[in-house]
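Take a look at the structure below.
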Protein chains: 2
Amino acid sequence: MISTLRTRHLFFALNRQLLGLTLGQGQVHNFATSSITSGNRAIVYTSNGDPSSVLYAQTFPNLPPPPPNTVNVKFLLSPINPADINVIEGVYPTKPVPSHSLSTSGKGSKDSSLFVGGNEGLAEVVDVGPGITGLQQRDWVVMTKPQSGTWISSKNVSAQDILKVPRSGLSEAQAATMTVNPPTAYNMLHDYVELGEGDWVVQNGANSAVGQAVIQIAAAKGLQTINFVRQRDQIDHLKEHLLGLGATHVVTYEELCGKSFRDKVKEWTGGKNIRLGLNCVSGKTTTFMARLLGQDAHLVSYGAMSKEPLSLPTSLFIFKNLTCHGFWQSRWYLRRTPKERERLFKTLASLMCNGKLKGPEHEVLVVSGTDEDNQASLKIRDTMARLARGKFGKKLLLKIEETL
Amino acid sequence: MISTLRTRHLFFALNRQLLGLTLGQGQVHNFATSSITSGNRAIVYTSNGDPSSVLYAQTFPNLPPPPPNTVNVKFLLSPINPADINVIEGVYPTKPVPSHSLSTSGKGSKDSSLFVGGNEGLAEVVDVGPGITGLQQRDWVVMTKPQSGTWISSKNVSAQDILKVPRSGLSEAQAATMTVNPPTAYNMLHDYVELGEGDWVVQNGANSAVGQAVIQIAAAKGLQTINFVRQRDQIDHLKEHLLGLGATHVVTYEELCGKSFRDKVKEWTGGKNIRLGLNCVSGKTTTFMARLLGQDAHLVSYGAMSKEPLSLPTSLFIFKNLTCHGFWQSRWYLRRTPKERERLFKTLASLMCNGKLKGPEHEVLVVSGTDEDNQASLKIRDTMARLARGKFGKKLLLKIEETL
């Protein structure tokens, strides 16, 4: 049914979509957007598809007091990450859980396929349920449960799905973006090879949010990094920026694939084995990058921006003992203990507080409390359409105010 | 200099090559093939190249009594493995050590680039040096040091480079071929994933020597195997043969790449995760094979018969947590303790003695003691040329007799 809906949606005019949604062959359901005019607002969808077509804003009743072992939180900032788009499109392996608790009219099956967008976000504790220890009003928390739905003004969450982060020393933007990209960078640098001061790491897509975090965390550990980026206008400006973050070398893919580049790397490293490569590109240039790795190295992939496969000579595996892994922060959260998560966040927060790990360059999109739901929906869809056209150079953070 | 030699060799007539070898620009060295007419014979080369051009037979003085902690052994059977060809061609990562000890005229720099072919072989202990315990005359031993040069009638070897194998219950051919292929199969089945009865393994190149060992060792463990082979005349005969060895299913690459094959596999496995894949082919069909693997699986490569790279969607790494490794038995020997090697050989010998692991179908090529060196050289070169043209369907085992 979801795929039927996805196709049908394309035939609806935007305004029509804002007020109603096809639930089956021709059946139209009017949303309660008019009946609830103030309260908790969320950016939601009921079927997968292009975010600029399927997302809409909806206001729900304010939250009741938190049940035992839960807290009510108010979201301060929630990023729009590329994976969020894939989740809405339905092409991401993790599916969000429908938000039954947001029912607009008490119990009912109406909301069985209502999803709130967003995976990551910074929230402030507003009300603490019975049985909660170690958390109080005004504490900052981040979500550790994947796809929990963060594009919302307020939410009731289970204590086990959140982690407290320090309020002092961190900006809101840093805290709001600290559960996906910085841990990905940190864990890839620590989970596969034991690296010590002066050791080398190569990575591609070095200008990505993860790539920039890799550069900084590596530099803080005394590691040296060779960073590959796309050739572009003002490449010198980018190189300078990454070198400023702590990169040892910044190199374009053209240089990487050039004839004598391996010799240059040998000069740089003094012939020292490079034992870790991080890949978010795949395709031909990654084959060249893998060839720079030495005996017993690990190549860890966390993306495939080229949309090409990871293609490597089998001899690298057999004779150089290369091991290839994939890293996915969502899996890390699912498989690690709360203690391990806590330790990770403490480490990241400390790096941030010490100025060793900067927050992303960002822009905040406020969904204002004075907007009506349909105005807010238009704003969100327009933003998504612009995002798809690559109109934002910076990380986009949502601030969804309660509907007044 | 080696590459110069390789090219120059092509311009020499066969007989000329048998008697002399270019050492530099036009400098010709006559070998002592005529001065030593009886004794220890070896199949040797002094420069890399096509084995049918660079190999020759040479007779050396018989061995002196063994120095401390060494034994003198007589080779019974020594296989010609594909990797041996690559070593002679100079395209294999492990380089053999020159055989200084075979000097035909006492000390001298003449033999500094003399290499004896062969990596694997079964030998019998003939004489035991001082300090040796646990070995006596007539014991069977196999070589655990890579590229030790086994195409020879007799040899002095260090006790730490050999392992005793039981004489009873094993055929000469089984014992002579037990250090490369069966351990590769055994270790790949044990070193990456803990598999229990009823678990599934997929492998390609299932008709290779390693592949057949995988089928048998897996069956002995109660594992189920899906085995991929090339389409060929009399495919039913091959399928029957592999099923007879204990294969659960035998499938051609055409079937593997067919539309509904994944559904068929799901039926076979009852949806159970397949967590181990073994690859000696790479290329497109291996991509299809990798897609059959479930969450947290390991793909272990030990060859690339397609001569194409291993090319996999990055999503398999990220979202299915696939890990790709390479296996190389030579590395295993270098990195494992003598105790571990011993344990492995005991296990393999026991599987062989119990009829659970058959020896390879083979043919024995006798280099007769009554042949003169140049006759023996012709025979070896002819064999190598026929081998290169795919004229042997079976494993070829050399029996090099002492020159009479």
Side-chain angles (χ1 to χ4, degrees), chain A residues 83 86-87 91-95 146 184 188 191-192 204-205 210 277-284 286-288 290-291 293 295-332 334-335, chain B residues 83 86-87 91-95 146 184 188 191-192 204-205 210 277-284 286-288 290-291 293 295-332 334-335:
Chain A
N86 301 142
V87 170
V91 297
Y92 202 70
T94 305
K95 306 295 175 200
T184 297
M188 291 194 304
D191 284 3
Y192 301 93
N204 57 25
V210 171
L278 307 178
N279 164 44
C280 66
V281 175
S282 291
K284 187 187 138 203
T286 306
T287 310
F288 277 85
R291 287 212 179 95
L293 296 169
Q295 195 70 29
D296 301 327
H298 295 254
L299 179 66
V300 184
S301 295
Y302 65 98
M305 294 196 302
S306 69
K307 299 195 174 171
E308 284 170 27
L310 181 60
S311 186
L312 300 169
T314 319
S315 58
L316 291 186
F317 293 100
I318 301 175
F319 300 126
K320 286 181 92 178
N321 202 25
L322 173 69
T323 309
C324 280
H325 313 262
F327 183 83
W328 191 24
Q329 186 57 37
S330 299
R331 186 170 49 241
W332 194 97
L334 283 172
R335 296 189 176 177
Chain B
N86 300 141
V87 170
V91 298
Y92 202 69
T94 305
K95 306 294 176 202
T184 299
M188 291 195 302
D191 284 3
Y192 301 93
N204 57 26
V210 172
L278 307 178
N279 165 43
C280 66
V281 176
S282 289
K284 186 188 139 202
T286 306
T287 311
F288 277 86
R291 287 213 180 96
L293 296 169
Q295 194 70 29
D296 301 327
H298 295 254
L299 179 66
V300 185
S301 295
Y302 65 99
M305 296 197 301
S306 70
K307 298 193 176 172
E308 284 169 28
L310 180 60
S311 185
L312 299 170
T314 318
S315 58
L316 291 186
F317 293 99
I318 302 175
F319 300 125
K320 285 179 94 177
N321 202 24
L322 174 69
T323 309
C324 280
H325 314 261
F327 184 82
W328 192 24
Q329 187 57 37
S330 301
R331 185 171 50 239
W332 194 95
L334 284 172
R335 295 191 176 176

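Here is how names work: the chains are called A, B, and so on, in the same order as the sequence lines, proteins then strands, and each is numbered from 1.
- Most heavy-atom pairs under 4.5 Å with chain B: of the set A:Pro309, A:Cys324, A:Ser330, A:Gly326, this distinction falls to A:Cys324.
- B:Pro313 touches chain A through its backbone: at least one of N, CA, C or O sits under 4.5 Å from a heavy atom, while the side chain does not.
- Both the backbone and the side chain of B:Phe319 have a heavy atom closer than 4.5 Å to some heavy atom of chain A.
- Contact detail for A:Thr314 and B:Ala304: the closest heavy-atom pair is OG1-CB, 3.4 Å.
- There is no contact between B:Gln329 and chain A, counting heavy-atom distances below 4.5 Å.
- Here the closest heavy-atom approach between residue B:Gln295 and residue A:Arg331 is recorded as NE2-NH1, 4.1 Å.
- Contact annotation for B:Leu310: both backbone and side-chain heavy atoms come within less than 4.5 Å of a heavy atom of chain A.
- Counted within 6.0 Å of NZ on A:Lys95, heavy atoms from surrounding residues, nucleotides or ligands total more than 12; the atom is thus considered enclosed.
- Here A:Asp296 is the residue among A:Thr286, A:Asp296, A:Val300, A:Leu299 with the most heavy-atom pairs under 4.5 Å with chain B.
- For the atom pair OG of B:Ser282 and CD1 of A:Ile318, the computed distance is 7.0 Å after rounding to the nearest 0.5 Å.
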